[in-house]
Trainee: 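Before I ask anything, here is the structure I am working with.
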Amino acid sequence: MKQKPRAARLPRPAPPPSPPTASEKVAIRQLPTGARGLDEILGGGLPEYSFNIIAGAPGCGKTTLAHQIVFANATVARPALYFTVLGEPAIKMLRYQQQYSFFDAAKLGGAIRFINLSEVVLGKDLDAVLDAIAFEVRQADPAIVVVDSFRTVLRKKPGEPASEMELQSFTQRLALLLTSHQATTFLLGEYTEGEMRDNPVFTVADGLFLLSQVTERNSVVRKIQILKLRGQASVPGLHTIRIGDFGVQAFSRTLGLGHDAPEALGAARLSTGVPELDALMGGGIPNGDSVLIAGPSGTGKSALATQFIAAGLRAGEPGIIAIFEERPARYVARAAGLGLDLASAQRDGNLAILYLRPLDLSVDETMLELLDTVRRMGAKRLVIDSLVGFEMALAPSFRADYRESLYRMIAALTGAGVTILSTVEIEDTFTSFHFSHYAISFLTDDIVRLRYVEIDGQLRKILVVVKMRGSDHSKDIREYHICDRGGIVIGPPLGDFAALTAGLPCRLLPQPKEGPPAAASPP
């Protein structure tokens, strides 16, 4: 009997490859950008040999950022080639770039070389442009290549765009050429975010950096967004940038939140500079807390903040005062009127008074300024006077998410081991007892409320400790005075009044003393 032929066995599918171990992974070296804060946003720096596009409208800082990258990485052995096309001539470009602190004239001509492609772009096709770039790259063996402006290159003639296939082919061949020569490349162009999504050229890029600037009222805000970065995790979202004497500086929206947690601060308490208030707070402010001093104008918020700093200076603790509403000289003079010498501490380097009032600030810029000063001085105490002035100093776009920004800033500063005292002005309505019109009391550990009350035809000042997170405190309502040479002086409890927190208190009737029962009268 004939046996049926056996069905052919299909080969078993190969098991999926095992993920490479740490030792098998290709290590990608990261290059510095030269722009402070940008390496952190990129996840450590620029991936070496990557092919990147820096896009944005004119005036966003594309050229300045490209020059910072070039000056930070170019050497004579591995130079940078900067190709210019129908834009500013190199001599004019350098005239402005040398105003920045990163500029190094010694690198010009050797480590950094400028090449003008205008004639080739105007008179020939894309193949000739590629040949011209290839020739220079083979001659120089560069580490960095910049093409400024790449959008101009991708035109056969002015006003006549190349076809989509020609654009993609040219970009892919250019990327292959520069990557094979181990060059890290940056193509600069005036593209909008919408054009970047639809343009096939951008599919070739390893990194897409979008720079933008927005004018709101009288403020101009510049931002950067990393739309794409192969091989490493960048910080998503929009990040503020500023152009100054240093060039481009970036401020990550996660600034200060990524550092290691500080060592335990212990149970130590810091004096407010007012002994009676320390007693009301259970011994002072717990080390590392954020304290809110809330009250209307004239109740002594700044005086209390100054006494807090002065107490730290007497204890050998460096301090910082960030002010937004008056100039440092006037602030120091006011403190002197209370008998507090801040000028000597400034001269000795134990006190920094930061005046921040440009009206187009971002919270991240302020945070970095404060963190830098904290680290430089080893500061233990910080006063922010006031949160209302701080909000007014911000550009309009940053006021929309002010509460979220304050949360990040306070978390970063207390995370650095600093005790913060912030003042906030609120309006007394004499019918309510608000802590802040920002609804930010949840951001603070401790709240001290100051207010006016009318007693016996006089407008007098009272204070109460409303909140102490994690510790007990006195519930007494106390009257206080601001003395010329002593600052805030707190009086005894106002136990014979009711409705003090409403601002319109009433005096309680004296209670009759208990005595022996009266004798019955005779009939």
Side-chain angles (χ1 to χ4, degrees), residues 269-312 319-326 331 334-335 338 340 342 353 370 380-391 403 406 409-410 413-414 418-428 433-453 460-469 471 473-483 486-490 500-501 503:
R269 294 199 175 228
L270 307 183
S271 173
T272 62
V274 182
E276 296 86 355
L277 181 55
D278 291 345
L280 292 174
M281 300 181 79
I285 302 170
N287 195 12
D289 271 12
S290 172
V291 186
L292 182 67
I293 308 297
S297 176
T299 49
K301 300 181 297 298
S302 295
L304 181 54
T306 307
Q307 287 181 257
F308 169 71
I309 285 291
I320 302 169
I321 303 175
I323 56 178
F324 300 88
E325 297 172 9
E326 58 182 333
Y331 202 91
R334 284 181 182 274
L338 298 173
L340 303 173
L342 299 184
I353 300 181
L370 292 174
K380 300 300 180 185
R381 299 183 181 218
L382 166 66
V383 161
I384 300 175
D385 192 9
S386 69
L387 295 181
V388 174
F390 183 21
E391 184 190 28
R403 286 204 311 156
L406 276 180
M409 188 173 79
I410 290 173
L413 290 166
T414 54
V418 181
T419 303
I420 305 172
L421 187 148
S422 304
T423 68
V424 61
E425 181 175 337
I426 54 179
E427 183 181 355
D428 260 343
F433 195 60
H434 297 300
F435 305 141
S436 167
H437 58 272
Y438 294 114
I440 56 169
S441 58
F442 72 96
L443 300 178
T444 62
D445 301 297
D446 317 315
I447 298 176
V448 178
R449 178 67 159 89
L450 315 178
R451 76 162 306 158
Y452 292 111
V453 295
R460 289 150 74 169
K461 302 181 183 75
I462 62 169
L463 65 76
V464 61
V465 178
V466 175
K467 170 186 174 184
M468 291 285 294
R469 183 170 287 161
S471 64
H473 61 88
S474 173
K475 312 315 188 279
D476 287 343
I477 299 173
R478 307 282 286 270
E479 185 177 5
Y480 67 95
H481 305 276
I482 304 174
C483 303
I488 289 180
V489 178
I490 297 178
L500 284 164
T501 56

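For this chain, numbers begin at 1 and follow the sequence in order. Everything numeric in this text was worked out from a predicted model, so none of it was measured.
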Trainee: Quick one: do the Arg269 and Ser471 side chains pair a donor with an acceptor below 3.5 Å?
Mentor: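 On atom types as modelled, these side chains qualify, holding a pair under 3.5 Å.
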Trainee: Over all heavy atoms of both residues, which pair between Ser474 and Asp476 is shortest? Give the atoms and the distance, please.
Mentor: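 Ser474 and Asp476 have their closest heavy atoms at OG-N, 3.1 Å.
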Trainee: Of the non-hydrogen atoms in Arg381 and Phe308, which two are nearest, and what is the gap between them?
Mentor: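 In terms of heavy atoms, the two residues are closest at NH1-O, 2.6 Å.
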Trainee: Whether the side chain of Lys301 engages the backbone of Pro296 through a donor-acceptor N/O pair (distance < 3.5 Å, no angle test) should be reported.
Mentor: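 Here the side-chain-to-backbone pair exists.
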Trainee: Could you check whether any side-chain N or O of Tyr331 sits under 3.5 Å from a backbone N or O of Glu325, counting only pairs where one atom can act as donor and the other as acceptor?
Mentor: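 No, Tyr331 side chain to Glu325 backbone: no donor-acceptor pair under 3.5 Å.
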Trainee: For Ala335 and Leu342, which heavy atoms make the closest approach, and how far apart are they?
Mentor: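 Closest approach of Ala335 to Leu342: CB-CD1, 3.6 Å.
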Trainee: Test your reading of the model: is there a side-chain donor-acceptor pair from Lys475 to the backbone of His473, 3.5 Å cut-off?
Mentor: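 Pair found, side chain donor or acceptor close to backbone of His473.
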Trainee: State whether the side chain of Asp445 and the backbone N or O of Ser290 hold a donor-acceptor pair below 3.5 Å, judged by distance alone.
Mentor: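 Checking the backbone N and O of Ser290 against the side chain of Asp445, a donor-acceptor pair under 3.5 Å is found.
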Trainee: Look at atom NZ of Lys380 and say whether more than 12 heavy atoms of other residues, nucleotides or ligands are closer to it than 6.0 Å.
Mentor: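 It does not: Lys380 NZ has 12 such atoms or fewer within range.
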Trainee: Can you name the salt bridge (charged side-chain N to carboxylate O under 4.0 Å, His left out) partners of Glu479, sequence neighbours left out?
Mentor: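 Result, salt bridge (charged side-chain N to carboxylate O under 4.0 Å, His left out) vs Glu479: Arg460.
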Trainee: Return the minimal non-hydrogen interatomic distance between Leu277 and Ile490, and the atom names on each side.
Mentor: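 That closest heavy-atom pairing would be N-CD1, 3.6 Å.
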Trainee: Not counting sequence neighbours, which residues clear side-chain contact (heavy atoms from CB on, under 4.5 Å) with Asp278? List them please.
Mentor: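 Listed in chain order: Ser271, Thr272.
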Trainee: Which heavy atom in Ile462 sits nearest to a heavy atom in Leu500, and how many Å separate them?
Mentor: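 Where Ile462 meets Leu500 most closely, the heavy atoms are CD1-O, 3.8 Å.
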